Novice: 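This structure is in structure tokens; I'll ask about it shortly.
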Number of protein chains: 2
Amino acid sequence: MPPATTRDLPHPAREEIRLESVLHALSDPVRLRIVRELAADSDELLSCSHFDLPVTKSTTTHHFRVLRESGLVRQTYRGTAKMNGLRRDDLDALYPGLLDALLAAAARQAARLGTD
Amino acid sequence: MPPATTRDLPHPAREEIRLESVLHALSDPVRLRIVRELAADSDELLSCSHFDLPVTKSTTTHHFRVLRESGLVRQTYRGTAKMNGLRRDDLDALYPGLLDALLAAAARQAARLGTD
DNA sequence: CGGCTCGTACGATAGCCCTCGTAGTACGGT
DNA sequence: ACCGTACTACGAGGGCTATCGTACGAGCCG
């Protein structure tokens, strides 16, 4: 049997990741912010509860699911915590330069609007 | 008085263009396709009716309005025709490299899925 | 075991969005 | 003046989405 601390979650395969879904996922301010934080700590996996978001826990769960189903984020359980990491390898392979351009654009806008 | 062939349309100023709105606009397949065609003929202004889209004229009007209001496209009347052009200058100034990365990603996906 | 924390499931609500059809306006040409 | 073309306005339907509250399951620790 698999290790007790592993409940598996459905992720799209690399080839199933659709650009439209990625863009739609990032068109929500809460999710864009999550992705920016994940990119900032790109060598760490962050738990859902690590984020201080202006929505309830239910809504947070919803946003993380959208991110996972769009292929932007990989989620794994570690005990009761759910760890999140950007799927940078898959995204870079599919769309080279896209993620960096998106993150740079988000950083620019945050700086411009003072939302940093 | 302005030339008779000029009915003005509301466009967001460069500084008002929001990344989330741009991404949302591009997350629809019909609009992504429009933007790709506009980028391919980037030195030409294309009329709305130039596009052969799988939706009715009403819906086409709707999509072009979303593109205009998001700041992706500039629209001007020329007689009865409404000409459309990408706002590449504004987008490149706000988010350098973003538009090219998005277009390249869309081209990659189209090639991968044979939807070209 | 008992409780605590982390996250999920489900239902509900309200708003947005894609789509369409019909009716109408603006402009150019005959 | 008249007609045709290009686009718009308005309204409606149906689906998706963001949000929440409450109730629940899964794992850790005393």
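The sequence lines fix the lettering, A, B, ..., with proteins before strands; numbering per chain opens at 1. Bear in mind that the values here come from a model prediction, so they are computed numbers and not experimental data.
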Novice: What is the distance from NE2 of B/H50 to P of D/dT5, rounded to the nearest Å?
Specialist: 19 Å
Novice: Quick check: on DNA chain D, is the nucleotide nearest A/T80 upstream (toward 5') of the one nearest B/N84, or the reverse? Name the residue that is more 5'.
Specialist: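 Looking at the nearest nucleotide for each, B/N84 comes out on the 5' side.
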Novice: Which heavy atom in A/V73 sits nearest to a heavy atom in A/H11, and how many Å separate them?
Specialist: O-CD2, 3.6 Å
Novice: So which atom in B/V30 and which in B/D28 form the shortest heavy-atom distance, rounded to 0.1 Å?
Specialist: N-OD1, 2.8 Å
Novice: So do B/H24 and B/R31 actually touch side chain to side chain, heavy atoms under 4.5 Å?
Specialist: yes
Novice: Do A/L98 and B/L102 have side chains that approach each other closer than 4.5 Å (heavy atoms only, starting at C-beta)?
Specialist: yes
Novice: Between atom CD in B/Q75 and atom P in D/dC7, what is the gap in whole Å?
Specialist: 10 Å
Novice: Atom OH of A/Y77 to atom P of C/dT5: distance rounded to whole Å?
Specialist: 19 Å
Novice: Got a sec? Which of residues 22-49 of chain A come in under 4.0 Å of DNA chain C, heavy atoms?
Specialist: A/S47, A/C48, A/S49
Novice: Specify the residues of residues 53-69 of chain A, ordered by number, for which at least one heavy atom lies under 4.0 angstrom from an atom of DNA chain C.
Specialist: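 Here the set is A/K57, A/S58, A/T61, A/R65.
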Novice: If you compare all heavy atoms of A/I17 against all heavy atoms of A/G71, which two are closest, and at what distance to 0.1 Å?
Specialist: CD1-O, 3.7 Å
Novice: Starting at CD of B/E20 and ending at C1' of D/dT17, how long is that distance when rounded to a whole Å?
Specialist: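 In whole Å, D/dT17 C1' lies 16 Å from B/E20 CD.
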Novice: Does A/R33 pair with A/D52 as a salt bridge, N-O distance under 4.0 Å?
Specialist: no
Novice: Between A/R108 and B/P96, is there a side-chain heavy-atom distance shorter than 4.5 Å?
Specialist: yes
Novice: Would you say A/H50 has more than 12 foreign heavy atoms packed within less than 6.0 Å of its NE2?
Specialist: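 Counting other residues, nucleotides and ligands, NE2 of A/H50 stays at 12 neighbours or fewer.
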Novice: Could you tell me how far apart B/M83 (CE) and D/dT5 (P) are, to the nearest whole angstrom?
Specialist: 18 Å
